[in-house]
S.K.: 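So that we are looking at the same thing, I have put the structure below in structure tokens.
The chains referred to below are lettered A, B, ... by the order of the sequence lines, with proteins before strands, and numbering in each begins at 1.
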Protein chains: 2
Amino acid sequence: MPNIPNSSEISLTTVFNALGDPIRMKIAYCLASTGEKNCSTFEVGHISKSTLSHHIKVLREAGVIQPRIAGKQHFYSFRKEDLSIRFPGLMDLILNSAEVGIHKSSIQVINISDHN
Amino acid sequence: MPNIPNSSEISLTTVFNALGDPIRMKIAYCLASTGEKNCSTFEVGHISKSTLSHHIKVLREAGVIQPRIAGKQHFYSFRKEDLSIRFPGLMDLILNSAEVGIHKSSIQVINISDHN
DNA sequence: CAATCAGTTCGAAAAAAATCGAACATTGAA
DNA sequence: TTCAATGTTCGATTTTTTTCGAACTGATTG
């Protein structure tokens, strides 16, 4: 299950596909900005652990993040070295988009006068 | 129908979501590298015109491409100015990934000895 | 005006992705 | 060894996306 692609196998389309989801973008941003973290500390909303596990898998298989297993804890980190060689600018793009969490599907229009 | 977001409304996650599809990545690469084009000239595989229209819509609504309607023809272009201000480096990322068309889901393993 | 061309929209079907709870590992601790 | 903690995997369900053909729209052409 440590099924992670090597640097040369990482595809931009697949990386974009992985990052094109608000939860996964949050995780990637979190790891890119603060370094290695245990996945229980990811600040995603209320999702089940199996769902989180799934999103982590998508990021891992796309080549965005890297696991390090220490005992019963799994630490993840952004694949900074590999990605900055293969796709220079990608990490900055993620870091500079402070819009993390803002995605078309997560925008809600609250209409105050709408009281049905 | 000219439902295109203005520059400040373009979300990186939504852009990544749009580009995280091999057909749409092809279209974006095509436009980013060669400028304005009529959509009938996109070199995507055999897809119906309604499917192509759908993919164009996703790219347009994400803010990746821009339409210009001239008579009965629709010309599209990559939103170079807006995107390079909002997400510097994104266009180069797309241009430098000559892997266009290579995506996990489009890789086929041909086994020569498999003659059933 | 009728026909054609270029493309969008609609409706339905198929495929893919997201989500969850339950069951399953594996590690570390009592 | 038994239990709890930290995940992953499985199976099912729901939701979203992709895809197509048919019908539609708007502009040009005969």
S.K.: Give me the distances for all protein-to-nucleotides 16-20 of chain C N/O pairs that come in under 3.5 Å?
M.R.:
from   : atom 1 : to      : atom 2 : distance (Å)
C:dA18 : OP1    : A:Arg24 : NH1    : 3.2
C:dA18 : OP1    : A:Arg24 : NH2    : 3.2
C:dA18 : OP2    : A:Arg24 : NH1    : 3.3
C:dA18 : OP2    : A:His54 : NE2    : 3.2
C:dT19 : OP2    : A:His55 : NE2    : 2.5
C:dC20 : OP2    : A:Ser48 : N      : 2.9
C:dC20 : OP2    : A:Ser48 : OG     : 3.3
C:dC20 : OP2    : A:Thr51 : OG1    : 2.9

S.K.: Roughly how far, to the nearest 0.5 Å, is the CE atom of B:Met91 from the CG atom of B:Leu31?
M.R.: 9.5 Å
S.K.: Does anything in residues 6-17 of chain A pair up under salt bridge (charged side-chain N to carboxylate O under 4.0 Å, His left out), and if so which pairs, sequence neighbours excluded?
M.R.: none
S.K.: Let me confirm one number: the OG-CD1 distance from B:Ser8 to B:Ile85, rounded to the nearest 0.5 Å.
M.R.: 11.5 Å
S.K.: Does CD in A:Glu36 sit with more than 12 non-hydrogen atoms of other residues, nucleotides or ligands closer than 6.0 Å?
M.R.: yes
S.K.: With a 6.0 Å cut-off (strictly less than), is the heavy-atom count around NZ of B:Lys37, excluding the residue itself, greater than 12?
M.R.: yes
S.K.: Considering only side-chain heavy atoms of B:Lys72, which listed nucleotide, D:dT28, D:dT6, C:dG7, is closest?
M.R.: D:dT28
S.K.: Please tell me if the side chains of A:Phe42 and A:Tyr76 come closer than 4.5 Å, counting only heavy atoms from C-beta onward.
M.R.: yes
S.K.: For the residue pair B:His54 and B:Val58, establish whether any side-chain heavy-atom pair is separated by less than 4.5 Å.
M.R.: yes
S.K.: How many whole angstroms separate atom CD1 of A:Ile27 from atom P of D:dG7?
M.R.: 12 Å
S.K.: Nearest heavy atom decides the nucleotide; on that basis, is A:Lys57 or A:Gln73 closer to the 5' end of DNA chain D?
M.R.: A:Gln73
S.K.: Please pick, from D:dT8, C:dT8, D:dT6, the nucleotide with the shortest atom-to-atom distance to any side-chain atom of B:His74.
M.R.: C:dT8
S.K.: Do the rings of A:Phe16 and B:Phe16 sit parallel, tilted or perpendicular, given the 30° and 60° boundaries?
M.R.: parallel
S.K.: With a 4.0 Å cut-off on heavy atoms, is B:Phe75 in touch with a base, just the backbone sugar-phosphate, or nothing at all?
M.R.: nothing
S.K.: For DNA chain C, whose closest nucleotide is more 5', that of A:Ala70 or that of B:Ile56?
M.R.: B:Ile56
S.K.: Within residues 34-44 of chain A, which residues have any heavy atom lying less than 4.0 Å from an atom of DNA chain C?
M.R.: none
S.K.: Rounded to whole Å, please give me the gap between CZ in A:Arg68 and P in C:dT27.
M.R.: 15 Å
